[in-house]
Each structure stands twice: as structure tokens, then as C-alpha cells.
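Reviewing the structure listed below.
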2 protein chains.
Amino acid sequence: MSLRFAIITSLLEREATGLELTRRFDRSFGYFWPASHQQIYRELRSLLDAGLIEEKGDPARPGRGQPRVVGVTEEGVASLRRWIGELDEPRPERSSLAVRIRAAAATGELGGVEDAVRRHLAAHTATLETYREIERRDFADRLLDAEGELHHLVLRSGLANEQAWIGWCEDALELLQRLRRSE
Amino acid sequence: MSLRFAIITSLLEREATGLELTRRFDRSFGYFWPASHQQIYRELRSLLDAGLIEEKGDPARPGRGQPRVVGVTEEGVASLRRWIGELDEPRPERSSLAVRIRAAAATGELGGVEDAVRRHLAAHTATLETYREIERRDFADRLLDAEGELHHLVLRSGLANEQAWIGWCEDALELLQRLRRSE
DNA sequence: GCCGTTTATGCAACGAGTTGCACAAACGGC
DNA sequence: GCCGTTTGTGCAACTCGTTGCATAAACGGC
């Protein structure tokens, strides 16, 4: 359900073609709700059918290969407003790295895990750096409007998450090295 | 793919019936890789077909309604060992709460979001408390073997994650209240 | 002996995300 | 004018997770 409303929100910020949306989901929006262009086009179809978005600009042009700009309808805005207040449980976190570590604990096969943790550490470090750059670029000045503050809040969620991961990864590497030495 | 190996790992720690496995995924194992009993039975079928697990005990009994104990085969252990070292990219995090906040920022509909954040805060606080109880119960003494240390490491990952969320939620509530007052 | 609950296994349909690929117009080089 | 690349839209098949329900034995109460 969230993809639907992520798209509506993004289109509300500014109307776009499918590909433009895809690019937004590659940079900013995708940091908290990633989506491929296939997902996006599929969802756009469904949103059009539901009347929550509509085609803007010349509708005479037939489609395939041609950019199609879409925007949010009144109904779309209304459904978004309704959705904001709906119940949502935090979705269960899944960590394949944790599974790997339990598997390593059960088999005694510790070698491969250390590499896996190192790769995770590198990935999270890179992501953190990306987020920091965005923060420097977009949120450096103290005076933000409400929208800016909220965007910053979302970014800080990513920052906190990455920092937590990095701290844990370092912790994990230390333990794994200690276990390796004392074998 | 991870569910497969989560199940093999759990069965390696001790063989079990489908329902016993389900219970493990409700308590310990499910904290980092949740799974419903439907998912588990489906995967068990596929693991049996692949020869990675096998039925233990009397195979004469026909099944439906009767407990069936399964254990890991040699091949199962081998495939688990192979999997441990395989590449895995950290799977993209998805946060519906972040989407909601962006939606709130775009529409100006801030009321519902504050509730949503409060619910998340409550959920994460409860989970943190659960993890802390497990830590007190299972990892209180300083002298753990390698397996124990690794289990503790996995638990600490959950602890760090929940703490990060809680900190951010409090931050978020503060901001939302400030924005509400200054409207 | 019947009946509701618990234990246990399982199917079917759906929804969401992933992977691989196809098709079409436009643009730039030569 | 042809050809490769870029821009853009889109389908199909698959995997994984969720929801709702079916089935069957065993146990306990009365």
C-alpha cells in the first residue's frame, strides 16, 4: 500500500512522467521506499484505473515510447489525506546478516561471515556519507519551513539507522576477530 | 533465500516439527527473520523435495494432523556452509512512517502523523524491553562460549536498532509538537 | 458418547517486490 | 540515410510474504 501513496506524494510535490518518478525513487524518495521502474509503471496503471491520478498534457499521443506526464486528482489527494492517519504497525525487520551469524554459530563456519559483515559495514558507511552530503547540501541553514523540517526529519531517520548499523558492524568485527584468534 | 537457511539453521540446533519451528520463529528466531506457519510448511515441503532435510522417526504415519519431525541432511549442512559465505547486499530498508511524514509534509495534514509516531514509539519500546529481558535472562553472565557470544551479538543488533528508532521517534514527536504549536 | 478446544498440518488466492526482456521514438555521429 | 545510444513505456514470470480457510487427530469435560 505504501508505494501507492509514496507515488501520490511525489506527484503532489510535482507532476512527472514515469521515468522522472523512477529517478526520484533512485535518489531522494527511494532512500526510505525503494521502487523499480517496473513497479512504478504497474502502480501508475492501477492509480489511473482508480482515478487517483490523471494524464496531463496532450492525450492524443498514443503512448509506447512517448513520455506521459501524470498528476494527482482531487480524489487522489483525498485518499492520501485519509491514508496518513491510518493504523500502520512497524513492519517486521529482516536481517539476513543475523541469519548468517546464527548459521555460522551453528556450523562453526566463521570465515565467510567476517567478509559479509565487512561488506555491510562498507555499504552502510557509503550510505551514511550520502545522507550526510544531502544534509549538508539541503539542510545546512537553520531556517527551514515546516516542509523542510519534515524532510530533514525523514533524513535523520536514515542517518540514525545507518549509524546504528555501523556501530554494530564494528562491534561484530571485533568479536569475530577475537573468536578467530582464540580458536 | 534466507528463510530456507534460517530453517536449516534452526533445525541444526535441534530437529523439530513444523509447529515447534513456528514457535521458535515466534520467539527467538523470528526477531530477526519472522515467518508464519504457512511460510514454514511451504518451505519445509521445498526443503524435503530438495533433499536438504529429511523425516525423522516413524515414516509410516500418514501426516495430516500428525506431528512430523524433520532434521537436516548432510547435503543440507553442506548447502548451509556454502550459503554463509555468499554475497548478500543489505536489503533496502522501507519505512512507511517516513512515507507518511513526506505525505504529511506535502498535504499539510500533520494530525494523524503524530499518532502514528506515538504508536511506533510504543511498539519499539515494547520490543526493546523484550530484548532486554532476553539479554538479562540468557546473556547475563560474562562467560559465554563462541555460540553464546554470537547469539548475543545478534541480539545486540536488535537492541541497537530499537534504540535508534526510539531516539528518532522522540525527536520526531518533539518536532511535530513544535510545528503544531506554531501553526 | 458427544462436543468444544488444542495441537498439528496444509491449501489457495492474493499482493508486493524482483528479474529479464520487448518495443518504440528521438537524437547524434558519420 | 543508416546505426547505435539514450529516453521512455511496458509485459511476463517468478519469488516471497500475507490472509483466510480446511482438515484431522487428540484431549478433556460432562
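Each chain gets a letter, A, B and so on, in the order the sequences are listed, and its residues count up from 1.
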With Glu13(A), which residues qualify under side chain to side chain donor-acceptor pair (under 3.5 Å), at least two apart?
Arg102(B)

In whole angstrom, what separates Leu3(B)'s CG from dT18(D)'s C1'?
13 Å

If you check every side-chain atom of Gln38(A), which of dA8(C), dC21(C), dT18(C) has the closest atom?
dC21(C)

Starting from the C-alpha separation in whole Å, work towards a yes-or-no answer on side-chain hydrogen bond (donor to acceptor under 3.5 Å, both in side chains) for Ser79(A) and Arg4(A).
CA-CA 10 Å; Ser79(A) 81; Arg4(A) 231 184 152 72; over 6 Å; no

Give me the one residue out of Thr73(B), Val77(B), Val72(B) that meets side-chain contact (heavy atoms from CB on, under 4.5 Å) with Glu75(B).
Thr73(B)

Between dG17(D), dT18(C), dC16(D), spot the one nearest the side chain of Met1(B), thanks.
dC16(D)

If you take any heavy atom closer than 4.0 Å to DNA chain D, which residues from residues 17-35 of chain A end up in contact?
Thr17(A), Gly18(A), Leu19(A), Arg23(A)

Nucleotide opposite dC30(D) in a Watson-Crick or G-U pair, distances under 3.5 Å
dG1(C)

May I ask you to verify whether the side chain of His37(A) and the base of dG10(D) hold a donor-acceptor pair under 3.5 Å?
yes

Please confirm whether the shortest side-chain N or O distance from Tyr41(B) to OP1 or OP2 of dT9(C) is below 4.0 Å.
yes

Any N or O donor-acceptor pair under 3.5 Å from the base of dG17(C) to the side chain of Arg42(A)?
yes

Can you confirm if the NZ or CZ of Arg100(B) lies within 45° of the ring axis of Trp83(A) and under 6.0 Å from the centre of its six-membered ring?
yes

